[in-house]
Amino acid sequence: MGRGRRFGAHHRAGRGARCRWLTEPGTWEVHARVERFVEPALLLVLRGGETHGYDLADSLAELAPDDPVDLGNLYRLLRSLEAEGVVTSRWRDDLPGRVKRTYGLTDEGRRLLDTWAESLRKTDDTIAAFLRRYEEGAAK
């Protein structure tokens with residue numbers, strides 16, 4: 001059975017954690033992920049300069065290849081961040097192809113990115129402590 005399929009009656013659709021699946025008796029597939037990672041990843045990409053939605057999606061796929069971003073969700077997130085003053089957008093007709101809406105990071109967005117980076121550092125420390133303890137137990 002593949003990803004997304006649950007084995008056994010106690011793992012029917014709609015039940016259990018979204019990040020793990022019992023693929024067959026005694027075999028688990030787990031995808032450890034940081035919730036809402038798309039937001040700091042998006043801010044990081046935008047820190048590199050103004051760009052449009054498809055390029056953003058491609059760059060996000062490079063940062064989180066196991067967690068593809070749905071374009072509809074990406075545009076909803078961009079609109080939400082723009083409403084909060086974190087991102088700006090404008091229509092550009094000077095780029096190749098048809099007119100594109102491009103997005104850029106505001107000063108407020110840079111401050112939010114800094115805060116995300118600090119939070120992710122703390123999460124990284126927590127994960128590192130977990131892995132150290134796991135490795136210590138595995139060596140016994």
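Only heavy atoms go into these numbers, but all of them, side chains included; no hydrogens, no water, no symmetry mates. Residues: numbered from 1 along the sequence shown.
Ring geometry, Tyr54 versus His52: the interplanar angle exceeds 60°, so the pair is classed perpendicular (tilted spans 30 to 60°).
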- [ ] Verify side chain to side chain contact (heavy atoms under 4.5 Å, CB included) between Thr23 and Trp28, making sure each step is shown before the conclusion.
- [x] CA-CA 6 Å; Thr23 56; Trp28 289 92; over 6 Å; no
Task: Verdict with supporting geometry, Val69 and Leu77, side chain to side chain contact (heavy atoms under 4.5 Å, CB included) - done: CA-CA 11 Å; Val69 175; Leu77 176 58; over 6 Å; no
TODO: Walk me through it: do Thr102 and Thr51 pass the test side chain to side chain contact (heavy atoms under 4.5 Å, CB included)?
DONE: CA-CA 5 Å; Thr102 59; Thr51 190; 6.0 Å; no
TODO: Would you please test Glu84 and Ser80 for side chain to side chain contact (heavy atoms under 4.5 Å, CB included) and show each step?
DONE: CA-CA 6 Å; Glu84 294 175 300; Ser80 173; 4.0 Å; yes
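Across all non-hydrogen atoms, the minimal contact from Gly53 to Leu71 is O-CD2, 4.3 Å. Nearest approach of Leu22 to Thr27, heavy atoms of both residues: CD1-O, 3.3 Å. Taking each heavy atom of Leu105 and Arg110 in turn, the nearest pair found is O-NH1, 3.1 Å.
In this structure, Arg133 does not pair ionically with Glu136, as no charged nitrogen and carboxylate oxygen lie closer than 4.0 Å. A salt bridge is absent between Arg132 and Glu135; no separation between the charged side-chain nitrogens and carboxylate oxygens falls under 4.0 Å.
For the residue pair Ser89/Glu82, the side-chain donor-acceptor check at 3.5 Å is satisfied.
Between Trp116 and Phe37, the closest side-chain pair of non-hydrogen atoms is not below 4.5 Å.
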